[in-house]
Amino acid sequence: MLEIQLPDGTIVSHPDDATPLSVAEKIGSRLAKAVIAAKIGDLIVDATRPLKSFANGTPIPLRLLTEKDPEALDVLRHSSAHVMARAIMRLYPNVSLAFGPTITNGFYYDFDLPQKLNEDDFAKIEAEMAKIIELAEPFEQFSLDRTQSVELCRDMKQTLKVEHIETGLASHESLGFYRQGEFVDLCRGPHIPDAGRIKAFKVMSIAGAYWKGDADGLQLQRVYGTAWFSPKDMQAHLEQVEEAKKRDHRVIGKRLGLFQISSEVGPGMCLWLPKGARIRSLLEDFLRKEMLKRGYEPVYSPHLGRVELYETSGHFPYYRDSQFPPLFVNDGGALVDGWIRRLESKEGLPVAHEQAFMQAAEVLGCEIKEYKVEQSVAERTAVLQTWQRLHERYLVKPMNCPHHAQIFKAMPRSYKQLPLRLFEFGTVYRFEQTGELNGMLRVRGLTQDDAHIFCTQDQVEQEFRNTIELTRMVLESVGLKDYRVQLSLRDPKSDKYVGSEENWQKAEAALRRVLEESGLNFQAAEGEAAFYGPKADFMVRDCIGRQWQLGTVQLDYNLPERFQLEYIGSDNKTHRPVMIHRAPFGSMERFVGMLTEHFAGAFPMWLAPEQVRICPLSEKSNDYALELEKQFLDAGFRVTVDLRGAKVQAKIRDAQVELIPYMAVVGPREAETRSIALRDRIEGELGTKPVAEVLSMLAEEVNQRRIRFAVQKETNEPEQPKVTETASHEY
RNA sequence: GCUGCUGUAGCUCAGUGGUAGAGCACUUCCUUGGUAAGGAAGAGGUCAUGGGUUCAAGUCCCAUCAGCAGCUCCA
């Protein structure tokens with residue numbers, strides 16, 4: 001007999017051949033029908049899995065999973081992936097299966113198949129899946145040893161599975177399979193009892209994917225799907241996807257006129273329209289003020305730097321592929337650049353091409369007399385590199401650090417000047433792959449709220465503490481309160497890191513100490529540090545639960561070394577400072593893009609590009625409206641008047657659609673009493689108030705940077721009442 | 001960069017080889033009103049670009065460019 005402990009603590013006895021399903025049957029036939037899978041401790045298993053294998057002398061902790069348990073949905077989706085794979089194998093010949101896991105809200109399966117699938121195939125696939133589900137055949141688990149497994153997969157011509165058994169699963173003695181009708185798949189499980197449990201499913205999309213994530217490897221076709229226990233749940237999900245699309249910063253950015261990416265300017269090049277620029281400049285002013293208070297000093301640097309600067313920093317040619325190509329002042333610059341790269345390439349430079357290069361150099365008027373074909377590759381390269389150093393080459397700057405390092409170097413530094421905190425809203429350019437570009441979230445020209453702190457090793461802890469405090473303050477001022485920090489530390493086994501062992505230990509301990517005392521939710525990640533120093537990244541959760549990586553703080557032992565940065569210590573000897581890179585927003589583009597989605601375009605009063613729209617009732621009230629506009633402007637508000645000959649209903653509707661926080665409706669009554677009939681975009685009418693009262697009320701909302709969400713967050717439980725979140729920040 | 005999809009008016013989109021369409025926005029006129037759309041008229045197009053097939057191409061084919069989804073990448 002097996003002793004089984006149910007979630008309520010009761011212990012029941014069952015025969016040795018008991019399964020979760022048989023336990024459920026004992027409790028009731030309705031429950032047995034509802035069981036999808038079971039949980040033994042933390043392990044999710046099939047409902048048909050014999051429980052005997054879990055017996056270890058103590059009662060087996062068993063929890064039956066039904067449609068109500070979120071874990072069950074995962075099981076359902078994994079089984080749906082099998083059903084989809086089965087359908088696709090029936091429809092198309094020579095399908096080789098890769099992996100088919102579940103993901104948030106659905107599943108996918110990767111296939112290697114000769115036929116290119118597209119959206120027109122979805123209906124066919126869905127119809128075939130429906131047939132399989134109709135039959136409600138069971139999922140049957142069985143195990144084989146390694147040899148038998150490989151043999152079985154070979155027989156089924158599943159070459160990718162064979163490869164996976166031989167590589168990824170090399171340490172497994174025996175392997176699990178599931179059979180469902182004619183379909184057999186290598187799979188750890190668990191699965192639903194039978195395919196009939198899938199009540200709603202949909203093939204969503206198709207995309208390319210790489211075998212085991214290797215971009216140089218085999219390209220597979222990935223088919224995405226979703227599955228649910230009821231059509232109603234699926235409908236709700238599909239509607240939510242639509243809702244999320246409406247929140248897309250690209251859609252809102254266009255509708256509200258925040259920014260534009262024009263293909264004539266170039267992909268990934270963001271044009272800030274007046275309203276978007278307004279938001280950005282408000283954020284910049286806010287941060288600038290906070291930084292000045294905290295002892296930062298503003299600096300400016302140009303958008304170009306000599307290539308040699310980045311050779312010193314180590315960013316060139318190492319990151320060349322993600323940088324815009326160098327600018328050459330001399331006509332021959334690009335020629336010599338290509339020439340060197342071909343000389344140094346694995347294939348080498350064929351004689352005929354070398355002759356052509358030499359001739360071209362002559363044509364361009366930059367003949368290099370010292371270059372001799374009989375010299376070694378190293379010698380010829382050196383000759384060309386000497387030529388390069390004598391001719392200017394520039395890079396549009398991919399980062400600000402080298403410039404700031406030069407500012408540090410501009411004069412001799414004493415320990416008394418440290419920490420030296422230099423900040424700049426620095427625009428940098430990165431040649432991101434075309435497929436990576438995404439609205440404002442991933443662009444090729446971006447402005448970092450960058451600062452570099454030069455300090456002594458002993459000052460690292462306090463500077464890090466201050467930086468963390470600043471970042472928290474900044475995030476909370478826009479209502480982002482749900483975040484965690486990833487502390488990236490060294491891999492103790494690796495030796496790829498620069499900087500002394502002692503400094504690393506001190507720095508890592510200091511960062512950890514600061515995070516611990518800050519009470520922040522943080523996780524340490526060993527081996528995630530950059531080679532030049534440990535770092536802390538802020539992972540922020542927005543109001544619909546998505547995670548963003550925004551602010552970052554990074555210690556750097558590398559650049560001070562490479563740039564030979566020094567200060568004179570109290571001992572009158574030279575010392576090397578530590579450099580801290582930090583950016584609370586990350587980049588203005590990404591931050592504003594993220595905020596747009598976070599607020600669904602309804603920016604809080606302190607950031608709203610337009611704060612108040614004055615809506616005169618008719619042309620008779622235009623004079624009073626214009627008078628009010630001046631009062632609002634004088635009080636520092638961003639305000640406009642709607643002077644159109646439209647009805648006030650239309651003016652209000654347009655202001656609401658534009659998500660303007662307040663509307664001031666004025667007619668003869670208000671003009672008479674010098675008042676405003678105030679309307680709030682969230683609450684609606686607030687009643688008629690004297691002008692002075694409105695001005696001070698709105699000023700307070702701005703000064704406190706109060707956050708009131710105008711567009712509700714979407715939740716998975718639509719029955720939940722609407723909640724208006726409020727948050728305020730005080731100085 | 002890779003795979004798939006898309007590109008028609010400022011925006012959202014119809015348009016199945018035979019004369020280029022709708023709604024919203026815009027302009028003008030009428031309307032002068034009390035908290036989410038008053039009415040009428042008008043203007044607006046090299047159908048992404050280049051080539052091809054055809055008597056005839058927005059529509060079919062090829063290339064290029066750009067966008068979207070996913071993959072790979074992000075100092």
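Labels below follow one simple rule: chain letters A, B, ... track the order of the sequence lines, proteins then strands, and each chain is numbered from 1. In this text the structure is predicted, and so the values were computed from the model without any measurement.
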_Expressed as a whole number of angstroms, how long is the span from A:L220:CG to B:U3:C1'?_
10 Å
*Between B:A25 and B:A37, how far apart are the P atoms? Round to whole Å, please.*
12 Å
*Of the nucleotides B:A69, B:G1, B:U12, which has the atom closest to the A:E436 side chain?*
B:G1
_Ring centroids only, cut at 6.0 angstrom: are A:Y310 and A:F316 within range, meaning strictly under it?_
no
*Sugar-phosphate or base contact per nucleotide [nucleotides 27-43 of chain B; S, B, -; heavy atom under 4.0 Å]*: ----BBBBBBBS-----
*Can you tell me the distance, in whole Å, between the NE2 atom of A:H452 and the P atom of B:A75?*
14 Å
_Atom P, compared across B:C74 and B:G17: separation rounded to whole Å_ = 47 Å
*Would you mind classifying the nucleic acid contact of A:Y108 as base, sugar-phosphate or nothing, using non-hydrogen atoms under 4.0 angstrom?*
nothing
*asked:* Need one value for A:Q323: base, sugar-phosphate or nothing, where a base atom within 4.0 Å counts as base even if backbone is also close, heavy atoms only.
replied: base
*Take A:F454 and A:F408 through the test ring-ring contact (aromatic ring centres under 6.0 Å, His included) and record every step on the way to the result.*
CA-CA 8 Å; A:F454 301 86; A:F408 179 89; 4.7 Å; yes
_Need the pair for B:U53. Rule: Watson-Crick or G-U wobble, both distances under 3.5 Å, any strand; none if unpaired._
none
*Given B:U72, B:C74, B:G70, the nucleotide with the shortest approach to the side chain of A:R430*: B:C74
_Nearest whole Å is fine: how far is B:G70 C1' from A:F107 CZ?_
16 Å
*Can you tell me how far C1' in B:C47 sits from the matching atom in B:U59, rounded to whole Å?*
10 Å
*Provide the closest heavy-atom pair for A:L695 versus A:Q631 in the form atom of the first, atom of the second, distance.*
CD1-OE1, 4.2 Å
*CD of A:E264 versus P of B:U64: gap in Å, rounded?*
21 Å
*Atom CZ of A:R320 to atom C1' of B:C73: distance rounded to whole Å?*
18 Å
*Just checking A:Y318: base, sugar-phosphate only, or nothing, at a heavy-atom cut-off of under 4.0 Å?*
nothing
*In whole angstrom, give the distance that lies between atom CZ of A:R250 and atom C1' of B:U6.*
14 Å
*For B:U27, the Watson-Crick or wobble partner whose two distances fall under 3.5 Å*: B:A41
*B:U54 and B:A9: how far apart are their C1' atoms, nearest whole angstrom?*
29 Å
*asked:* Could you tell me how far B:A48 sits from B:G58 if I compare only their C1' atoms? Round to whole Å.
replied: 12 Å
*With heavy atoms under 4.0 Å as the rule, sort A:S322 into base, sugar-phosphate or nothing.*
base
*Is it true that the side chains of A:T688 and A:S675 contain a donor and an acceptor less than 3.5 Å apart?*
no
_Any donor-acceptor pair, under 3.5 Å, between the side chain of A:Y210 and the base of B:G1, if you only look at N and O atoms?_
yes
*Would you mind pulling out the nucleotide paired to B:A75, Watson-Crick or G-U wobble, both distances under 3.5 Å?*
none
*Taking the side chain as every heavy atom from C-beta outward, state whether A:R393 and A:E311 have any atom pair closer than 4.5 Å.*
yes
*Which one of A:F122, A:Y108, A:F107 satisfies the ring pair (Phe, Tyr, Trp, His ring centres under 6.0 Å) criterion with A:Y224?*
A:Y108
*Are A:W211 and A:F99 close enough that their ring centres sit under 6.0 Å apart?*
yes
*Salt bridge between A:K275 and A:E658, side-chain N to carboxylate O under 4.0 Å?*
yes
_Any residue meeting salt bridge (charged side-chain N to carboxylate O under 4.0 Å, His left out) with A:K202, in chain and number order, not counting sequence neighbours_ = none
*Starting at CD1 of A:I261 and ending at P of B:C65, how long is that distance when rounded to a whole Å?*
19 Å
*Round to the nearest Å and state the distance from A:L437 atom CG to B:U72 atom C1'.*
14 Å
*Kindly say if A:T434 contacts the phosphate of B:G1, meaning a side-chain N or O under 4.0 Å from OP1 or OP2.*
yes
*What about A:R442, does its side chain sit under 3.5 Å from the base of B:C74 through a donor-acceptor pair?*
yes
*asked:* Partner lookup for B:G4, please. Criteria are Watson-Crick or G-U wobble with both distances under 3.5 angstrom; report none if nothing qualifies.
replied: B:C68
